[in-house]
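Residues: numbered from 1 along the sequence shown.
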Amino acid sequence: MASNSAASTDKSFMAYPSGGSSSTASNSAMQPQAWEDQRKEARRLENALDVKLGQFAKLCSGYEQSFSRGESGLATDQLMDSKAAELERLLSQLSDVNDGMRNALGGRNDTRAHTLTRHRDILHDYQQEFRRHNSSLGASRDRVQLLRSSTDKSPLLGGQGHNASGALLRERGQISGANAAVRCCSAMLMQLCI
């Protein structure tokens, strides 16, 4: 047993000839492992987000058609809300993992810094895609609400009511487009500041 401890002491001395303490050695050995664990978790979350964002996009695009088929509005809204909450949770987790990767990097500027930048770009893209689909869903909900309220008030409403609803929808679209342009400009400005 004494020869085993002597051999392990000899190995630790050989691994760190500068005379560093064993706790410093274990911390530096843990950083690459922590980096790899964080990177694997980021990849897992990115893959999950990719799949779930695709599903969310399909649900958002079919939102208005589900009402025209006579499906329950409450069930559809609850499904959309739960999917949106799940995506927000995954985006938050990915943001936390990216922060953990930055901490594991420890301010060093090596090849891992490029990997971290790429993971941040992917997170940013997913966040923008989620916001875009979520705003599209909001516009669809508004259209459904507007059309539902106009048909509830007067099912025989003539062309005048439809023109008014069309004007409101166009105005909503213009406001949405202006908001998207402002978000895009602010995102570019943030990228320049970083």
Side-chain angles (χ1 to χ4, degrees), residues 4-5 7-61 63 77-141 176 179-194:
N4 284 343
S5 65
S8 66
T9 305
D10 192 34
K11 285 181 186 175
S12 66
F13 178 75
M14 289 174 53
Y16 305 100
S18 63
S21 69
S22 63
S23 66
T24 306
S26 67
N27 286 341
S28 65
M30 288 299 280
Q31 272 187 327
Q33 184 61 35
W35 168 266
E36 279 302 310
D37 291 344
Q38 295 285 337
R39 190 186 62 78
K40 287 177 185 176
E41 181 66 11
R43 292 292 305 190
R44 186 190 67 76
L45 288 169
E46 288 167 357
N47 289 335
L49 275 165
D50 191 38
V51 169
K52 292 190 184 298
L53 274 170
Q55 293 170 347
F56 189 65
K58 285 180 185 177
L59 288 173
C60 288
S61 66
Y63 183 80
D77 281 342
Q78 287 175 343
L79 175 66
M80 298 304 282
D81 290 342
S82 69
K83 293 291 184 186
E86 183 180 10
L87 283 167
E88 287 173 344
R89 181 184 56 79
L90 287 171
L91 287 167
S92 175
Q93 285 178 348
L94 184 57
S95 179
D96 292 344
V97 168
N98 282 349
D99 290 342
M101 289 171 66
R102 185 188 68 228
N103 292 340
L105 191 59
R108 288 173 284 167
N109 195 9
D110 57 9
T111 57
R112 295 183 296 176
H114 174 71
T115 303
L116 176 59
T117 302
R118 182 65 187 130
H119 282 289
R120 284 183 177 167
D121 290 344
I122 291 170
L123 171 63
H124 180 71
D125 291 345
Y126 283 149
Q127 287 171 333
Q128 281 187 324
E129 186 177 351
F130 173 68
R131 285 187 201 115
R132 184 172 50 86
H133 291 308
N134 215 15
S135 68
S136 168
L137 175 63
S140 294
R141 282 180 172 166
S176 221
N179 285 339
V182 167
R183 281 193 304 273
C184 181
C185 288
S186 66
M188 288 192 300
L189 181 62
M190 292 299 291
Q191 289 293 328
L192 291 174
C193 291
I194 295 175

Determine whether D125 and E129 satisfy the following criterion, side chain to side chain contact (heavy atoms under 4.5 Å, CB included), listing intermediate values before the conclusion. CA-CA 6 Å; D125 291 345; E129 186 177 351; over 6 Å; no

K83 vs M80, test: side chain to side chain contact (heavy atoms under 4.5 Å, CB included). Steps then yes/no. CA-CA 5 Å; K83 293 291 184 186; M80 298 304 282; 5.7 Å; no

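Two residues are said to be in side-chain contact when any heavy atoms from C-beta on lie closer than 4.5 Å; F56 and L137 meet this criterion. Under the 4.5 Å side-chain criterion, counting only non-hydrogen atoms from C-beta, E41 is not in contact with D37. Between T115 and W35, the closest side-chain pair of non-hydrogen atoms falls below 4.5 Å. At least one side-chain heavy atom of N98 sits under 4.5 Å from a side-chain heavy atom of M101.
Between atom CG of residue N47 and atom CG of residue L90 there is a gap of 11.5 Å, rounded to the nearest 0.5 Å. Separation of atoms NZ (K40) and CG (L45) is listed at 14.5 Å; rounding is to 0.5 Å. Interatomic distance, Y126 OH to L53 CG, rounded to the nearest 0.5 Å: 7.0 Å. Here CG of N134 is found 11.5 Å from CZ of R132. Values are rounded to the nearest 0.5 Å. In this structure, CD in Q128 is found 10.5 Å from CG in L123, a value given to the nearest 0.5 Å. Rounding to the nearest 0.5 angstrom, the gap separating the SG atom in C60 from the CZ atom in R141 is 8.5 Å.
Counting only residues at least two apart or on different chains, the salt bridge (charged side-chain N to carboxylate O under 4.0 Å, His left out) pairs with a member in residues 50-60 are K52-E86. The salt bridge (charged side-chain N to carboxylate O under 4.0 Å, His left out) contacts involving residues 88-106 comprise D99-R102, where partners must be two or more places apart or lie in separate chains.
Shown here is R43, whose CZ atom has no more than 12 heavy atoms of other residues, nucleotides or ligands within 6.0 Å.
Judged purely by atom type and a 3.5 angstrom limit, T117 uses its side chain to pair as donor or acceptor with the backbone of A113. Panel note: side chain S135, backbone R131; a donor-acceptor pair is recorded below 3.5 Å.
Exactly one of R120, Q127, H119, E46 qualifies for a side chain to side chain contact (heavy atoms under 4.5 Å, CB included) with L94. That residue is E46.
Scanning for salt bridge (Lys or Arg N to Asp or Glu O under 4.0 Å) contacts around R118 gives an empty result, with sequence neighbours left out.
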